[in-house]
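Worksheet: one structure, shown below.
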Amino acid sequence: MNTLRFRRTALALATASVLPFALAACSDSDSGRDAAAGAAAEASADASSPAADASAPMTADGPFGAACAGVPKEGAGSFDGMAKDPVATAASNNPALSTLVAAVKQAGLVDTLNNAKDITVFAPTNDAFAKIPKADLDKVLADKAALTKILTYHVVGEKLTPKQLENGSFATLETGKVTTTGSGESYKVNGTSNVVCGNVPTANATVYIVDTVLMPKQPK
């Protein structure tokens, strides 16, 4: 009888001594699982963040400038549409360039511009032409030789990047020179004409839309 009581007591003591360790082990295991789960969640969040996504594509250089907002979002006059057409055709689909397009047609330069390879066109807006007194503009439009001289002065025989415009001097098809200055998204041509929507691609040209008509220097 004493022996049986001793065994029960010993068993109770053994159970009492082992139980805290078992509970502690379970608690440590649960904590470990919670910590691992937390670490995995943090790793997943970090991996999905833009900073951690090393494969995220970089934004390519494209059109810039306040007036770009006025370009149609869809259709032939949009940036995607203009990129598919040669420059004179592309300009004809942009409502802000209708005066320029009429002048190009008047001078008979549509085919010349459309068939040229890798050119840059500084394209004055309708508002740019509106700065010219009407009598003077009508006189120029009626003089094909003078009109051709002015329009070809807006064309450079190579595709120019914004970087090249930072401090550039370029020969034009008119045989004169245009100078460019600026940086970022702010550029001037000949010190007076602002680029209001630049780096616009067409099938054969890069277009910089400007707010003032460029005038070639008159021979002395």
Side-chain angles (χ1 to χ4, degrees), residues 48-51 53-132 137 141 147 150-166 168 170 172-173 178 180 182-189 193-214:
S48 63
S49 69
D53 189 2
S55 64
M58 299 294 290
T59 302
D61 290 341
F64 63 85
C68 291
V71 174
K73 302 300 182 186
E74 299 178 346
S78 66
F79 290 130
D80 287 342
M82 291 178 71
K84 297 174 184 177
D85 291 323
V87 64
T89 303
S92 70
N93 293 317
N94 188 321
L97 301 177
S98 59
T99 304
L100 172 63
V101 171
V104 168
K105 290 179 178 178
Q106 184 74 12
L109 293 174
V110 172
D111 289 342
T112 299
L113 293 178
N114 277 348
N115 292 327
K117 302 294 184 183
D118 297 330
I119 59 175
T120 292
V121 176
F122 294 102
T125 62
N126 295 344
D127 289 341
F129 280 100
K131 293 179 181 180
I132 302 173
L137 181 59
L141 291 175
L147 182 60
I150 292 171
L151 293 176
T152 54
Y153 182 67
H154 289 74
V155 183
V156 172
E158 61 178 303
K159 284 187 177 182
L160 301 177
T161 65
K163 184 69 177 176
Q164 289 175 280
L165 300 188
E166 290 182 0
F170 309 100
T172 70
L173 295 191
V178 293
T180 58
S183 63
E185 295 187 358
S186 178
Y187 297 93
K188 284 184 178 292
V189 185
S193 188
N194 297 294
V195 174
V196 294
C197 182
N199 205 29
V200 179
T202 72
N204 68 325
T206 299
V207 176
Y208 291 89
I209 300 174
V210 294
D211 67 356
T212 304
V213 176
L214 308 175

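- Between D118 and E158 the shortest side-chain heavy-atom distance does not fall below 4.5 Å.
- No hydrogens or angles considered: a donor-acceptor pair under 3.5 Å links the side chains of T89 and N114.
- Looking at I209 and L97, their side chains come closer than 4.5 Å, going by heavy atoms from C-beta outward.
- Looking only at distances, a side-chain donor or acceptor of S78 sits under 3.5 Å from a matching main-chain atom of G75.
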**Report entry** Working for side-chain contact (heavy atoms from CB on, under 4.5 Å), residues V155 and T120
**Finding:** CA-CA 6 Å; V155 183; T120 292; over 6 Å; no
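- Atom CG of residue L165 and atom OG of residue S183 lie 11.0 Å apart, to the nearest 0.5 angstrom.
- Of the candidates F64, F122, Y208, Y187 forms a ring-ring contact (aromatic ring centres under 6.0 Å, His included) with just one, namely F64.
- Judged purely by atom type and a 3.5 angstrom limit, N94 uses its side chain to pair as donor or acceptor with the backbone of A96.
- By the 4.5 Å heavy-atom criterion applied to side chains, C68 and F79 are counted as neighbours.
- Nearest heavy-atom pair, G157 versus I119, reported as atom, atom and distance to 0.1 Å: CA-CG2, 4.3 Å.
- The two residues P86 and A203 come nearest to each other via the heavy atoms N-CB, 3.8 Å.
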Report task. Mind running side-chain contact (heavy atoms from CB on, under 4.5 Å) on V200 and T206 for me, showing each step along the way? Result -> CA-CA 6 Å; V200 179; T206 299; over 6 Å; no
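- The shortest non-hydrogen separation linking A103 to L141 is CB-CD2, 4.0 Å.
- Across L100 and N126, no two heavy atoms sit closer than the pair N-OD1, 4.5 Å.
- The structure places CG of L160 at 7.0 Å from OG1 of T180, a figure rounded to the nearest 0.5 Å.
- Counting only N and O atoms by type, the side chains of K188 and S193 include no donor and acceptor under 3.5 Å apart.
- Residue-environment remark: NZ (K131) exceeds the threshold of 12 foreign heavy atoms within 6.0 Å.
- Nearest heavy-atom pair across P124 and V213 is CB-CG2, 3.9 Å.
- Taking NZ from K117 and NZ from K159, the interatomic distance works out to 10.0 Å, rounded to the nearest 0.5 Å.
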Requested in this report: Decide side-chain contact (heavy atoms from CB on, under 4.5 Å) for V210 and T125; before the verdict, give the C-alpha distance in whole Å, the side-chain angles of both, and the deciding distance to 0.1 Å.
Outcome: CA-CA 6 Å; V210 294; T125 62; over 6 Å; no
Query - Evaluation steps, side-chain contact (heavy atoms from CB on, under 4.5 Å), between L214 and V178 - result: CA-CA 9 Å; L214 308 175; V178 293; 4.3 Å; yes
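- Between N204 and A116, the closest heavy-atom pair is ND2-O, 2.8 Å.
- A distance of 13.5 Å separates NZ in K84 from OG1 in T202, rounded to the nearest 0.5 Å.
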